[in-house]
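Remarks on the structure that follows.
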There are 2 protein chains.
Amino acid sequence: MTNPLVMFLSRRDDLSTDEIAALDALTLNSQDYAAGTAMIRQGDRPTSSILVLEGLAARAHYLADGKRMISALHVPGDYVDLHSLLLDQMDHDVTALTDCRVALTAHPEVRRVTERLPHLGRLLWLATTIDAAMHRAWIVALGRMSPLSHMAHFLCEMYIRLDIVGLAKDYSYRLAITQIDLADMLGLSVVHVNRTLQDLRATGMVSWVGSTVSIKDWDGLRELAQFEDAYLNLNKRAR
Amino acid sequence: MTNPLVMFLSRRDDLSTDEIAALDALTLNSQDYAAGTAMIRQGDRPTSSILVLEGLAARAHYLADGKRMISALHVPGDYVDLHSLLLDQMDHDVTALTDCRVALTAHPEVRRVTERLPHLGRLLWLATTIDAAMHRAWIVALGRMSPLSHMAHFLCEMYIRLDIVGLAKDYSYRLAITQIDLADMLGLSVVHVNRTLQDLRATGMVSWVGSTVSIKDWDGLRELAQFEDAYLNLNKRAR
DNA sequence: CGCTTGCTTGACGACGTTCAAGCTTTGTGG
DNA sequence: CCACAAAGCTTGAACGTCGTCAAGCAAGCG
């Protein structure tokens with residue numbers, strides 16, 4: 001299988017064979033995490049960076065009263081933890097929402113690559129700024145969108161992100177997450193997520209059976225979600 | 001006056017005199033924006049990066065029905081738009097909430113510095129990952145905190161961020177924003193922001209008169225907000 | 001087969017929005 | 001220096017959305 005990080009980056013800029021080789025070298029050591037287990041815990045000071053190869057991982061924040069909020073969902077090709085190359089200490093957990101296979105790369109090795117190949121270094125920087133742009137899109141959805149539009153926005157974003165790494169087909173993709181997880185991403189109660197999902201299904205724009213999401217009316221869903229993909233930086237450009 | 005970006009970065013790592021000189025060189029051209037004007041508009045493809053020297057700037061997103069959401073507030077020392085060095089196209093506005101003085105640096109110049117001084121390049125990268133960490137903290141507050149705690153969290157964050165660049169004293173700082181702006185940051189209606197502010201004042205932990213915020217009980221406010229400053233990466237460390 | 005986990009439904013209450021109006025402060029021009 | 005306008009703050013009342021509680025159902029797994 002193709003390295004999903006290569007797919008992720010080459011969607012945004014051309015990669016040289018040198019750069020592709022370097023990326024492949026970064027993703028040699030793989031490791032598995034079962035659904036529900038933590039890859040990184042709050043307070044950790046990771047010494048390697050984690051790239052998702054398969055499965056879904058989430059950034060989970062826990063509040064004093066036990067409430068949980070998920071601030072980001074990571075799909076294959078996402079460098080979950082490039083941040084920790086630079087940051088002190090994790091202020092949240094990274095959890096496997098489904099069974100995951102990840103690649104681990106020791107920080108010094110990542111740093112060496114960014115210094116040897118500055119253009120590739122910029123692309124990894126780019127990956128973290130795309131993360132930030134996604135965070136902002138979530139902030140907007142949390143603050144000013146109806147639950148229905150927010151849910152639609154989430155499903156649009158997932159479709160594009162999964163499509164980039166070859167995990168969507170015919171407007172359809174696997175999304176094996178529970179309504180509990182979804183509630184913690186949308187900032188809603190489980191009960192309300194369930195009702196919102198029913199409303200969304202009732203529009204006929206989306207079907208979500210088992211763990212398969214199928215978008216039946218992309219244009220309708222996009223409009224409902226006011227989804228503009230600009231923030232995902234999908235254009236191939238010299239960076 | 002000291003370059004606020006130097007203050008921001010040297011709080012996180014030691015800077016060489018070379019690096020400080022380079023930063024000063026990046027911030028030569030200053031420009032003013034009056035309160036309420038846009039520095040960058042949605043759809044722009046900026047060719048220079050913007051650093052806030054004085055005043056407050058916000059990332060403003062507008063929805064189809066005219067609703068506005070502010071996804072980030074930028075204070076002096078914040079590189080508002082380092083992102084645009086790498087990103088395609090702005091998907092939101094950057095607006096001056098108060099009168100602002102900013103520094104403009106052409107992108108090629110920024111890039112040259114990051115290649116010449118890799119360590120400084122990493123620190124600029126760090127600045128963008130701190131932005132991402134702040135975004136995540138906002139997501140958590142939006143999704144799972146009460147308006148009262150959210151407001152408290154916001155005031156805690158502002159205190160720390162302003163203090164770092166020398167703009168706070170004795171737990172007190174200027175914050176010349178309207179309740180409308182605040183509502184668009186917290187994802188609430190203006191009416192509710194007003195009532196929440198009254199509740200917060202009633203606790204006696206904060207006074208906010210005119211444009212001066214004074215924190216009377218830092219520990220109380222921190223607890224109410226469940227504020228942990230880890231995400232701001234305040235430790236000086238080799239990065 | 002039975003337990004656990006996740007999904008679904010209903011009833012009720014709380015929290016936050018909307019609408020509408022009055023008040024206060026700030027700034028501007030006569 | 002006052003008058004007036006504009007912007008922002010504050011308050012009340014009514015409504016609606018969403019959360020909570022509680023229970024039943026469906027599906028997956030040991």
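The sequence lines fix the lettering, A, B, ..., with proteins before strands; numbering per chain opens at 1.
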Contacts of type ring pair (Phe, Tyr, Trp, His ring centres under 6.0 Å), residue A:Trp218, not counting sequence neighbours: A:Tyr159, A:Tyr171
Could you label the plane-to-plane angle of the A:Phe154 and A:Trp138 rings as parallel, tilted or perpendicular, counting under 30° as parallel and over 60° as perpendicular? perpendicular
Hey, can you tell me if A:His92 and A:His61 have their rings parallel, tilted or perpendicular (30° and 60° cut-offs)? parallel
In whole angstroms, how far is the P atom of C:dG6 from the CD1 atom of A:Ile177? 12 Å
What is the separation between atom CG on B:Asp199 and atom C1' on C:dG16, rounded to the nearest whole Å? 12 Å
Do B:Met158 and B:Tyr173 come within less than 4.5 Å of each other through their side chains, counting heavy atoms only? yes
For nucleotides 10-25 of chain D, 5' to 3', base contacts (B), sugar-phosphate-only contacts (S) and non-contacts (-) with protein non-hydrogen atoms under 4.0 Å give BBBB----SSBB----
Does one side chain, of A:Gln42 or A:Asp93, offer a donor that lies under 3.5 Å from an acceptor on the other? no
